[in-house]
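First comes the structure, then the notes that go with it.
Each chain gets a letter, A, B and so on, in the order the sequences are listed, and its residues count up from 1.
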2 protein chains.
Amino acid sequence: MMHMVNEFRAAPRELSQPTDLMGAIGVRMAFAKDEEIYGQGEATDFVYRLVHGTVRTSHFMADGRRPIGDFYYDGELFGLETRSQHGLTAEALSDCIVLVASRKALIAAGGDEELRQLIWKATVRDLDRAREHLSLLVRKSASERVASFLMGLADRCCDEVVELAMGRQDMADYLGLTIETVSRMITQLQSAKVVEFKSCRQFRITDRDALLDMAAG
Amino acid sequence: MMHMVNEFRAAPRELSQPTDLMGAIGVRMAFAKDEEIYGQGEATDFVYRLVHGTVRTSHFMADGRRPIGDFYYDGELFGLETRSQHGLTAEALSDCIVLVASRKALIAAGGDEELRQLIWKATVRDLDRAREHLSLLVRKSASERVASFLMGLADRCCDEVVELAMGRQDMADYLGLTIETVSRMITQLQSAKVVEFKSCRQFRITDRDALLDMAAG
DNA sequence: CGCGACCTTGACTAAGTTCAAGCTGGGTGG
DNA sequence: CCACCCAGCTTGAACTTAGTCAAGGTCGCG
């Protein structure tokens with residue numbers, strides 16, 4: 001399922017912090033697109049840092065629906081759930097490099113307080129995102145949802161051209177819409193000259209104010 | 001706005017725990033129905049324990065929409081937001097008794113670790129609830145939402161007859177529906193002999209399995 | 001080049017909203 | 001104590017939005 005990458009104790013320079021135990025202890029792993037990183041029900045023994053790529057957490061339900069927990073991007077910590085077992089499954093949306101450290105090892109290395117901090121920060125961030133996600137789903141129209149989503153992606157990315165790591169189905173699941181509706185809304189935003197899709201996975205904002213308006217709407 | 005109740009250092013017996021600093025230090029306050037307990041933008045200097053009543057947190061938006069953060073019930077802690085200012089407003093849905101303690105006082109009384117624990121637990125609980133709320137809003141039909149909501153209320157309450165602390169508008173805001181749709185779904189659930197409303201604020205589950213099915217659906 | 005996955009588009013349908021009346025029941029004043 | 005009043009709830013009919021089903025298009029890859 002997952003294959004180790006050579007350097008076992010490599011602390012990638014770009015991520016090192018003064019006391020970055022995670023970088024020192026963590027194991028670098030590569031996951032191919034669509035590979036599972038952890039599954040719901042597995043023990044929450046590890047801490048994950050996404051060095052490169054995009055990850056999706058989701059919850060498989062009996063009836064086939066798959067509500068998306070969240071998306072995680074370059075540099076973010078994920079998998080820090082608060083119970084002893086994962087309630088969500090994490091999958092690589094694109095090829096990913098992930099730094100994995102066991103909680104035990106972190107504690108053994110004296111990173112008790114650091115681990116606590118990591119978990120705290122990740123939990124607060126997840127809560128904030130969940131609240132934002134909630135306000136998106138309650139009383140927002142399809143076009144507002146799509147506009148908010150694109151705006152959010154653009155905010156996280158300094159480049160002019162924004163890459164969509166996820167396909168339409170993932171967007172739809174996240175936004176509580178169908179793939180067709182997402183597609184239509186995107187077409188509509190393009191006709192309104194608010195965004196411009198170079199391909200279905202890359203877009204550029206042509207009228208930021210208008211997009212903000214639609215997102216807030 | 002709020003009026004102190006006589007007993008300043010009364011630790012209500014039913015809430016006392018081995019080391020219940022909150023009960024010892026907290027000030028008991030009464031809030032009338034619809035009174036504001038704290039407002040968005042205020043500093044998060046206090047910790048609140050709801051001794052009796054029901055509280056709603058919500059976020060007032062420019063356009064008049066008011067997404068509901070959550071409802072809090074007897075015995076729960078609330079207002080433990082993670083930033084220095086409240087992002088949500090808390091209001092009493094019914095007449096409430098609230099135990100209020102300042103964070104400073106708790107720390108001064110040596111409750112540093114206890115405070116930390118309180119905040120951690122409340123944050124985790126809020127996150128869990130937010131996730132549940134999310135899964136309710138993504139891809140659930142109106143009837144499923146209402147069924148889930150009623151089921152949730154009933155689970156929290158051991159009595160056979162369940163009191164609805166909130167009106168239809170609050171339910172609608174929480175469920176991402178209109179007041180009319182909520183009303184129609186309730187009527188429908190009654191026709192299906194799944195629940196029985198004694199008045200618009202009290203109901204009884206007549207077919208628990210059926211309600212569970214509809215809620216899960 | 002052609003296949004297959006993914007995206008877009010169209011026509012129709014279903015679900016929920018909106019707008020507009022009516023109803024109900026709990027509280028108040030005569 | 002009763003009648004009235006009014007906020008909150010329910011109901012109905014028309015309408016709007018998003019979903020469904022089905023077909024066609026596009027892009028990347030073997």
Checking only heavy atoms, does the side chain of [X] share a donor-acceptor pair with the base of [N] at less than 3.5 Å?
{"X": "B:E180", "N": "D:dC9", "value": "no"}
{"X": "A:R168", "N": "D:dT26", "value": "no"}
{"X": "A:R184", "N": "C:dG10", "value": "yes"}

Determine the contact category for B:R145: base if any of its heavy atoms lies under 4.0 Å from a base atom, sugar-phosphate if only primed atoms, P, OP1 or OP2 are that close, otherwise nothing.
nothing

Just call it for A:I186: base, sugar-phosphate, or nothing, with non-hydrogen atoms closer than 4.0 Å on any strand.
nothing

[X] has an atom [atom1]; how far is it from atom [atom2] of [N], in whole Å?
{"X": "B:K140", "N": "D:dG19", "atom1": "NZ", "atom2": "C1'", "answer": "19 Å"}
{"X": "A:L164", "N": "C:dT8", "atom1": "CG", "atom2": "P", "answer": "10 Å"}
{"X": "A:M185", "N": "C:dG10", "atom1": "CE", "atom2": "P", "answer": "13 Å"}
{"X": "B:L93", "N": "D:dG8", "atom1": "CG", "atom2": "C1'", "answer": "15 Å"}
{"X": "B:E144", "N": "C:dG16", "atom1": "CD", "atom2": "C1'", "answer": "14 Å"}
{"X": "A:R201", "N": "D:dT26", "atom1": "CZ", "atom2": "P", "answer": "18 Å"}
{"X": "B:Q202", "N": "C:dT24", "atom1": "CD", "atom2": "C1'", "answer": "15 Å"}
{"X": "B:M166", "N": "D:dG8", "atom1": "CE", "atom2": "P", "answer": "15 Å"}

Step-by-step ring-ring contact (aromatic ring centres under 6.0 Å, His included) determination, A:Y48 to A:Y72
CA-CA 11 Å; A:Y48 305 82; A:Y72 296 91; over 10 Å; no

Closest approach to the side chain of B:C200, judged atom by atom: which nucleotide of C:dT18, D:dC9, D:dG19 is it?
D:dC9

Selected nucleotide, minimal atom distance to B:S141 side chain, candidates D:dA18, C:dC7, C:dG16:
C:dG16

Would one find a side-chain N or O of [X] under 4.0 angstrom from OP1 or OP2 of [N]?
{"X": "B:R139", "N": "D:dG19", "answer": "yes"}
{"X": "A:S183", "N": "C:dC7", "answer": "no"}
{"X": "A:T187", "N": "C:dT8", "answer": "no"}

Under 3.5 Å side-chain donor-acceptor pair for B:H86 and B:E81:
yes

Would you call A:R83-B:D128 a salt bridge at under 4.0 Å N-O?
yes

Going by an N to O cut-off under 4.0 Å, is there a salt bridge joining B:R131 and A:D70?
no

So which one's nearest nucleotide on DNA chain D is more toward 5', A:S199 or A:A142?
A:A142

Counting heavy atoms not belonging to B:Q190, are there more than 12 under 6.0 Å from its CD?
yes

